[in-house]
Amino acid sequence: MDRAYLEIIFLCGFVLQIILRSYYIQYYVEGKHQRYFNKKERLFLLFIFVGFQLLPIMYVFTTWFSFFDYNLPKWLGFPSTMLYGFGVWLFFRAHADLGQYWSPGLEIKENHQLITTGVFKWVRHPMYAAFVAIAVAQIFMLQNWIVGPAFLLLAIPFYLQRVKREERQLIRHFGDDYRSYMDQTNALFPKKEQIDFKLILSKLKFRLKKNKG
Ligand code: SAH
């Protein structure tokens with residue numbers, strides 16, 4: 001796939017995420033809340049803004065970074081678009097499953113329920129997992145030594161700080177319920193025992209047979 005197409009697809013996904021966030025932000029704007037971002041977190045959020053928004057937009061609309069471009073084989077375009085699509089889908093699903101309990105900062109809302117269904121059945125942090133998928137896809141879609149890995153690298157400090165604080169707060173609020181949820185799930189990738197490889201293989205075989213027949 002041509003790099004220009006990959007850039008256009010990246011941009012479309014980017015706009016889609018902004019639209020989605022603006023829908024869910026209503027729950028945040030309408031509710032009462034204190035300032036839940038500490039200074040460090042605000043700085044790390046700025047890193048994310050640079051890696052995921054500012055640099056990609058500048059890259060797509062200017063030639064300022066072209067000196068640092070790299071060229072990957074065209075066939076990689078398809079799997080990286082799939083990964084990107086998966087990331088955007090997971091981001092959508094996580095918002096839908098978390099619903100009114102979503103917040104940009106760390107917040108326990110009134111009657112806050114612990115969500116362990118939908119994509120939360122597979123991992124504890126599907127939104128952050130979606131960011132990992134998108135950030136890895138960015139390396140393949142925006143083929144530039146500065147812009148490609150920027151999101152993945154600049155998101156690490158935020159992720160490390162945020163997950164620790166978020167889980168501490170959830171344990172404080174939900175106690176043993178959250179602890180047993182932690183036993184059953186990983187933070188970002190499903191546990192091996194959660195994935196039924198035999199079932200996946202048999203489904204794949206069935207599909208292949210159907211396509212042949
Ligand atoms: N870390 C999650 C959610 C991010 S939104 C993810 O990656 O999908 C942040 C808010 O979600 C926090 O205020 C936290 O209180 C809430 N939250 C996180 N996990 C939750 C869960 N399993 N059930 C209910 N609320 C949750």
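Numbers for residues simply follow the sequence, beginning at 1. Counting convention: from 1, in listed order, for ligands and their atoms alike.
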Parallel, tilted or perpendicular: which fits the ring planes of Phe91 and His95, with parallel below 30° and perpendicular above 60°?
->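 It falls in the perpendicular class, over 60°.
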
If the plane angle is over 60° it's perpendicular, under 30° parallel, otherwise tilted; pick one for Phe10 and Tyr84.
->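 Phe10 and Tyr84: parallel rings.
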
Can you tell me the protein heavy atom closest to [atom] and the distance?
atom: atom 22 (N) of ligand 1; result: Ile115 O, 2.9 Å
atom: atom 4 (C) of ligand 1; result: Tyr128 OH, 3.7 Å
atom: atom 16 (C) of ligand 1; result: Tyr101 O, 3.9 Å
atom: atom 2 (C) of ligand 1; result: Glu166 OE2, 3.4 Å
atom: atom 15 (O) of ligand 1; result: Glu107 O, 3.1 Å
atom: atom 10 (C) of ligand 1; result: Ser103 OG, 3.8 Å
atom: atom 25 (N) of ligand 1; result: His112 NE2, 2.8 Å

Heavy atoms only: which of Met127, His95, Lys109, Gln113 is nearest to atom 24 (C) of ligand 1?
->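 Minimum heavy-atom distance to atom 24 (C) of ligand 1 goes to Gln113.
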
Selected option - heavy-atom contact closest to atom 26 (C) of ligand 1, from Leu98, Val123, Leu106 =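 When every heavy atom of Leu98, Val123, Leu106 is considered, Leu98 comes closest to atom 26 (C) of ligand 1.
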
Hey, is [X] touching ligand 1 through its side chain, its backbone, both or neither, going by heavy atoms under 4.0 Å?
X: Arg162; value: side chain
X: Leu170; value: side chain
X: Thr116; value: neither

Closest non-hydrogen atom pair, Phe14 against Ile57 =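 Heavy atoms only, the tightest pair is CE2-CD1, 3.7 Å.
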
With sequence neighbours excluded, tell me which residues meet side chain to side chain contact (heavy atoms under 4.5 Å, CB included) with Thr81.
->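 Expected list: Met1, Leu6, Ile9, Met141.
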
Let me know which of Arg179, Arg172, His125 forms a side-chain hydrogen bond (donor to acceptor under 3.5 Å, both in side chains) with Glu167.
->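 Among Arg179, Arg172, His125, the one meeting side-chain hydrogen bond (donor to acceptor under 3.5 Å, both in side chains) with Glu167 is His125.
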
For ligand 1, which atoms, with element, lie under 4.0 Å from some heavy atom of [X]?
X: Gly105; result: 13 (O)
X: Leu114; result: 21 (C), 22 (N), 23 (N)
X: Trp102; result: 5 (S)

Do the side chains of Trp89 and Val119 get nearer than 4.5 Å, heavy atoms only?
->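 The answer is yes; the side chains approach within 4.5 Å.
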
Without swapping roles, check the side chain of Asn144 against the backbone of Val147 for a donor-acceptor pair under 3.5 Å.
->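 Side chain of Asn144 to backbone of Val147: a pair is present.
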
Verify, without hydrogens or angle tests, whether Lys191 (side chain) and Gln184 (backbone) share a donor-acceptor contact under 3.5 angstrom.
->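 No, because the side chain of Lys191 does not come within donor-acceptor range (under 3.5 Å) of the backbone of Gln184.
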
Output, in order, the C-alpha distance, side-chain angles, deciding distance and verdict of ring pair (Phe, Tyr, Trp, His ring centres under 6.0 Å) for Phe131 and Phe151.
-> CA-CA 9 Å; Phe131 282 141; Phe151 183 26; 5.8 Å; yes

Charged N to carboxylate O below 4.0 Å: is that the case for Lys121 and Asp97?
->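 Judged by the 4.0 Å cut-off on N to carboxylate O distance, Lys121 and Asp97 do not form a salt bridge.
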
Between Tyr59 and Gln143, does any side-chain donor sit less than 3.5 Å from a side-chain acceptor?
->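 No donor-acceptor contact under 3.5 Å links the two side chains.
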
Heavy atom of Pro104 under 4.0 Å from ligand 1?
->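 So Pro104 does not count as touching ligand 1.
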
Report yes if some N/O of His125 lies less than 3.5 Å from some N/O of ligand 1; otherwise report no.
->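 For ligand 1, there is an N or O atom that lies under 3.5 Å from one belonging to His125.
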
